[in-house]
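Take a look at the structure set out below.
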There are 2 protein chains.
Amino acid sequence: MDQLNEPSGNTHSTRALIELRKKILNGELAGGTRLFEVPLAEELEISRTPVREAMSRLAEEGLLDRVKSGGFVVRTFGFEDVVDAIELRGVLEGTAARLAAERGVSAEALAKMREIVRGLDACFGEAPDDVDFDAYSELNATFHIELAGLAGSEVVRREVARVARLPFASPSAFSPDLADIAAFRRSLNLAQEQHRSIVSAIAAREGSRAEALAREHARAARRNLEYVLREDRSLIDQLPGFALVVD
Amino acid sequence: MDQLNEPSGNTHSTRALIELRKKILNGELAGGTRLFEVPLAEELEISRTPVREAMSRLAEEGLLDRVKSGGFVVRTFGFEDVVDAIELRGVLEGTAARLAAERGVSAEALAKMREIVRGLDACFGEAPDDVDFDAYSELNATFHIELAGLAGSEVVRREVARVARLPFASPSAFSPDLADIAAFRRSLNLAQEQHRSIVSAIAAREGSRAEALAREHARAARRNLEYVLREDRSLIDQLPGFALVVD
DNA sequence: GTGCGCAGTGGTGTATACAATCAGGCAACG
DNA sequence: CGTTGCCTGATTGTATACACCACTGCGCAC
């Protein structure tokens with residue numbers, strides 16, 4: 001299930017997978033496009049077999065849909081779908097947080113979360129918009145990965161990971177491209193306060209609070225989306241995966 | 001060269017899919033078993049290609065895991081996984097209900113839900129444990145399918161359907177096999193009251209209430225699981241999909 | 001005895017030829 | 001004039017041969 005197994009394009013099929021995913025995410029293959037095996041195989045200079053294999057995996061990822069008569073089409077996302085995917089991530093991360101709080105987590109796991117929060121703290125400088133962006137972004141991703149597993153449930157961890165796999169719904173969706181907007185950098189202070197609160201709620205076994213906080217935390221991504229739509233729609237083209245969003 | 005075979009499945013690959021799924025769900029292929037293409041192909045009297053295709057789809061369904069060096073293993077579920085899957089279904093159905101309430105649903109859609117509820121009402125007789133079981137079961141499934149789509153969000157509908165696809169997490173998981181236990185039949189009165197309440201909460205735009213009700217509704221399945229574990233563990237073997245639960 | 005290497009074996013990865021199927025148009029027929 | 005049915009090209013489904021890779025167990029050197 002996990003894409004642990006795409007090392008370096010060792011096999012033709014993993015190379016095709018990576019290649020196709022790239023083409024889909026950067027919009028080279030628009031949503032709704034039907035993928036034909038023969039032309040793709042020719043283009044990638046491989047046979048149909050690994051192409052099929054790659055498409056099958058992309059269907060697993062949710063980037064392709066199977067069509068009933070056979071074959072695949074690139075899935076289309078509208079802005080409502082993006083909003084809903086973000087909402088779902090919030091809901092599922094909220095569930096992970098709630099279950100972690102209700103069931104309790106080990107002292108070590110809690111210490112690890114606090115360590116990550118401390119690391120995130122260290123990314124902030126004196127001024128409100130002074131942030132070490134790369135470090136923040138990476139630690140933020142780690143925070144969300146750890147949070148997903150904190151309830152000790154593989155099923156929950158998996159589904160959280162799954163919905164966060166859509167690039168525009170991932171916790172770091174807006175990070176790289178909004179980095180030079182001061183308002184966005186300042187908003188990270190709030191996000192970090194939420195990180196802290198989520199951990200403290202889990203530690204205090206406050207399940208409902210942990211869930212609500214995690215949901216609200218995900219809505220930061222939604223606010224960023226709305227900001228982009230309102231202030232500068234052209235920014236969208238630079239956001240990862242948004243090329244496949246049509247509306 | 002091959003004759004028309006088997007009632008179900010037009011292509012070899014769909015036949016293999018159905019066959020393999022059956023074998024997994026009835027425990028013929030235990031959790032953790034690695035699936036080898038060649039023996040399976042021989043057993044099903046087809047070539048490796050459709051077997052691979054079928055396994056790929058089963059991985060999509062969540063019944064198989066891909067192993068890093070290639071190939072697939074039957075996914076293992078413990079009882080905690082079952083509990084968590086049920087919990088997740090509740091969470092996602094709750095989200096569908098909440099969003100439906102918050103965003104509002106058309107009069108027609110609401111009428112349809114009420115119609116289903118009326119149909120469910122008609123399944124109950126005079127005595128508390130007098131229930132037309134088959135009719136209830138089918139209408140109940142319809143209710144849950146419609147509920148998943150009620151928010152008008154394809155993303156939400158899809159993810160609800162996905163988590164309900166695990167047979168032991170589905171809304172009708174316990175229906176067929178507990179039908180002759182009077183206590184279970186009586187519990188359906190409560191479930192039906194919840195159906196009614198969910199619809200009324202959505203109609204009244206009471207999102208939080210709708211969400212809470214849908215969550216609690218899913219926990220009926222959890223209570224049934226706990227009942228089975230407590231009262232008569234041997235019943236488990238008759239529940240659909242539980243053969244693949246190991247613990 | 002221990003580590004290293006090296007083939008053998010079992011399994012998946014890939015190419016490719018051929019079969020089955022689907023969609024669309026065109027023609028014969030009611 | 002509509003409807004049916006077949007024809008045909010495009011596309012996927014299937015079988016199969018072969019390539020390759022990973023693991024294992026044995027033997028050899030040290």
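Proteins get letters first, then strands, A, B, ... in listed order; numbering begins at 1 in each.
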Could you walk me through whether A:H195 and A:H144 pass the side chain to side chain contact (heavy atoms under 4.5 Å, CB included) check? CA-CA 9 Å; A:H195 290 150; A:H144 284 268; 3.9 Å; yes
Taking the side chain from A:S170 and the backbone from A:L166, do they hold a donor-acceptor pair closer than 3.5 Å? no
Just do the salt bridge (Lys or Arg N to Asp or Glu O under 4.0 Å) check on A:E61 and A:R165 with the steps written out, would you? CA-CA 7 Å; A:E61 282 184 29; A:R165 190 174 291 161; 5.5 Å; no
Between A:H217 and A:E93, does any side-chain donor sit less than 3.5 Å from a side-chain acceptor? no
Donor-acceptor contact present, side-chain B:R75 to main-chain B:L63, <3.5 Å: no
What are the residues of residues 39-49 of chain A, sorted by number, that bring a heavy atom to within less than 4.0 Å of DNA chain C? A:I46, A:S47, A:R48, A:T49
Could you give the CG-to-P distance, from B:L35 to C:dG11, as a whole number of Å? 12 Å
Just the rounded figure in Å: distance from P of C:dT12 to CZ of B:F36. 6 Å
Spacing of A:F72 atom CZ relative to D:dT12 atom P, expressed in whole Å: 9 Å
Just N and O in the side chain of A:R34: are any of them under 4.0 Å from OP1 or OP2 of D:dT12? yes
Closer to the 5' end of DNA chain D via nearest nucleotide, is it B:P50 or A:V38? A:V38
What is the distance, rounded to the nearest whole Å, between atom CE of B:M55 and atom P of C:dT12? 7 Å
In whole Å, I'd like the distance from the CZ atom of B:R52 to the C1' atom of C:dT12. 6 Å
Options D:dT14, C:dG13, C:dA23, nucleotide nearest the side-chain atoms of A:S69: C:dA23
Answer yes or no: does a side-chain N or O of B:H12 lie under 4.0 Å from OP1 or OP2 of C:dA19? no
Is there a donor-acceptor pair under 3.5 Å between the side chain of B:S56 and the backbone N or O of B:R52? no
